[in-house]
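Below is one structure, written out as structure tokens; the observations come after it.
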Amino acid sequence: MVFLSPLALFALAFALVPPLLHLFQRSQPAQIVFPAVRYLRQTEREAERSIRLRHLLLLLLRVLAVVLLVLAAARPVVPAGLGALHQPTAVTLVLDNSLSSGAVTGGRRVLDDLAARARETLRAAQAGDALWLIGADGLARRGTPQELLELASAARPDARRLDLGAAVRQAARLVALAGYARAEVHVLSDLQASAVEGGQRTEDGGTDLEGIAVLFYHPAAEPPENRGVVAARPQPSVWVAGSGAVIARVGGARGGAAGRAAVSLALEGRAGARALGGPGDEVVLAAPRAEPGWRRGTVELAADELRADDRRPFAVRVVAPAGVSLEPAPDLGPFLREAVAVLTEGGQVHAGGEVHVGHAPAAGAAAAVVFPPADPVAVGAVNRTLAAAGVRWRFGGRVEREDTLASGEIRELAGTRVRVRYRLEPLAGDTARGVLARAGGAPWLVRDGRTVLVGSRMVPEETPLPLTGAFVPFVGALVNRVARGEAGILEAAPGGLVAVPERASAIVTAGDSVRRVESGAVIAAPELPGAYPLLAGADTIAMLVVAPDARESDLARESAAALRARFPGSRVTVTTDPREYAALRFRGAGRSELTGWLLAAALLVLLIEPALAAGGLRRTR
């Protein structure tokens, strides 16, 4: 038997009250024997035995009523089957060991509490049960209680983010299709609000959780106040002549006790600037001067209760300024010329023949950035020049439609819109190869070798990009990195999917091991945060920065009411009490709570007691 509220058992001491009252009420009056009533002694003795019996019954009923009420308050749960066995049950345990489970509350990690509950359930499981375990990787592993017990015991906080909504729906499908009469889903989690999504409606208006018992358990302690480094971006994206900075953003709980803390930068093991930052703040950290090449660094925050998000990796390309020649064609527009002038004045580029910017590749230039002409009639001549230079792309028809640019390699283009563009069409081969940015799903910026084609002219009539603060950095990235054939910085979450850039043939993973990859393929990023080089032969052409999801730093918990609303159709129970969780698992399959029965018995006793007492009074009158 298990008591969900064992402290209530101390109230059993009140069961001593009725006997004590009976003892204090007993009195022995003085006896005077009258000769005339001696013949009544025999009748008195017989009545006395009846009264003692009635008093004893009243005493027992009153004690029993107190005991029943106290036991009901303690909420006892007993096995319904013989020998505490339950009917075979399909159970999926969702053990949330995502990064946030490493938070420490009350001197103990959240994951330690969650794993203890998982082990208890697996020990209570029987050979006839169907069992699955889902962790932060989202994979459902089926096994025996002992096999899954070993997995739960070995669980460690994982940098991968678990979508709890998707995990619950997956778990519900597993137990629903197992063919068992009894099915349960147990979610052991810190219940981050940002990790929980609503149940998916099916075509008939229901949900895939219909009728499934979902038991949520989370630690009773409130989540600790937390701050973490949720972004670290080099500024500018390419450092010319070894100088630059990193913009770091601090996330977590706004306005809490976490407050502000020291944020520091390190580049290749050398310390950089420090600043103070709190949740919601962005700080600019100057980096130490670096030699040309790919450089790795970290931004670190002062330690708090969740250490895993206090350190974030970044990578940056350090280059020598590119030599740029600008075609004298007037239809390139004043904005492009002004941007090159600003870059030249700032030492980001210099006059030279390495990269030619204009309407066609130039003889003798190692690289070229080609923009479409203002006159559509001149497009044919530009395409013939491109074909003669061996470029496998050309300008197609003119499109007048507003679209948003999307690029995974050039951050300065994020969210920019274009109003007028030319279609970029491949002459042959894979249409996805070499595409660096898209507008409305169609190629807008492509690279073939060291020739880059841009789908729009840099004038406000065709795109508002020249009017934004991102324009000069965009031009700098084009000539210093993109035209030189470098893919730049790619970002991915641990274990997330990432597209391999053009020309890449291998990735250097943890421990400096080299894994072969195929150019253009989609691969899973490494599971550990860090910066990983992407190679073309022996040359590094890009860096893959793997960092935790920024939402892991916000430990705000979803409420029980919101959980029930998010999973309509299911029977949701939320508990923070390990004893209650122990009683509720395998619910309806082998355990029952006796509170209702005890209250009913106490009510019956309380009805009998006054009736018996009233009957005794009538007989004594």
Side-chain angles (χ1 to χ4, degrees), residues 1-31 37 40-87 182 184 211 213 215 220 560-561 564 571-621:
M1 179 183 295
V2 176
F3 293 95
L4 300 185
S5 302
L7 293 179
L9 294 175
F10 286 108
L12 284 174
F14 289 106
L16 297 175
V17 173
L20 291 175
L21 291 176
H22 275 258
L23 288 175
F24 287 132
Q25 287 176 354
R26 291 186 61 184
S27 61
Q28 192 68 27
Q31 295 184 2
V37 294
L40 296 176
R41 292 293 299 274
Q42 183 64 29
T43 304
E44 180 187 9
R45 292 190 189 96
E46 294 175 0
E48 218 172 52
R49 284 195 295 269
S50 175
I51 291 171
R52 286 199 190 98
L53 179 60
R54 184 178 295 106
H55 283 187
L56 179 61
L57 287 175
L58 286 173
L59 173 63
L60 293 176
L61 287 173
R62 289 163 183 166
V63 171
L64 180 60
V66 172
V67 171
L68 289 174
L69 289 173
V70 171
L71 290 178
R75 300 178 62 192
V77 176
V78 298
L82 182 62
L85 298 178
H86 58 260
Q87 296 181 24
R182 309 287 184 177
E184 297 178 3
L215 175 57
R564 295 185 180 94
R571 292 179 285 130
V572 172
T573 305
V574 184
T575 181
T576 62
D577 185 354
R579 289 177 176 270
E580 185 175 15
Y581 171 72
L584 292 174
R585 60 177 174 240
F586 304 110
R587 179 178 53 182
R591 296 175 184 267
S592 60
E593 187 174 338
L594 300 183
T595 302
W597 292 101
L598 291 171
L599 288 175
L603 179 62
L604 180 61
V605 170
L606 292 173
L607 291 174
I608 294 174
E609 189 272 344
L612 183 61
L617 288 175
R618 284 195 299 269
R619 292 195 58 182
T620 58
R621 288 176 182 174

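All values below were derived from every heavy atom in this structure, side-chain atoms included, with hydrogens, water molecules and symmetry-related copies excluded.
With rounding to the nearest 0.5 angstrom, the OG1 atom of T573 is 14.5 Å from the CZ atom of R585.
With sequence neighbours excluded, the residues forming a side-chain contact (heavy atoms from CB on, under 4.5 Å) with V67 are L12, A15, V63, L71, listed by chain and number. In this view, A602 and L68, L69 satisfy the side-chain contact (heavy atoms from CB on, under 4.5 Å) rule, not counting sequence neighbours. For A73, the side-chain contact (heavy atoms from CB on, under 4.5 Å) partners two or more places apart in sequence, or in a different chain, are A8.
Side-chain atoms of E184 come within 3.5 Å of backbone N or O of F586 as a donor-acceptor pair.
Considering all non-hydrogen atoms of both residues, L61 and V605 come closest at O-CG1, 3.1 Å. In plain terms, the two heavy atoms of A72 and L598 that are nearest each other are N-CD1, 3.7 Å.
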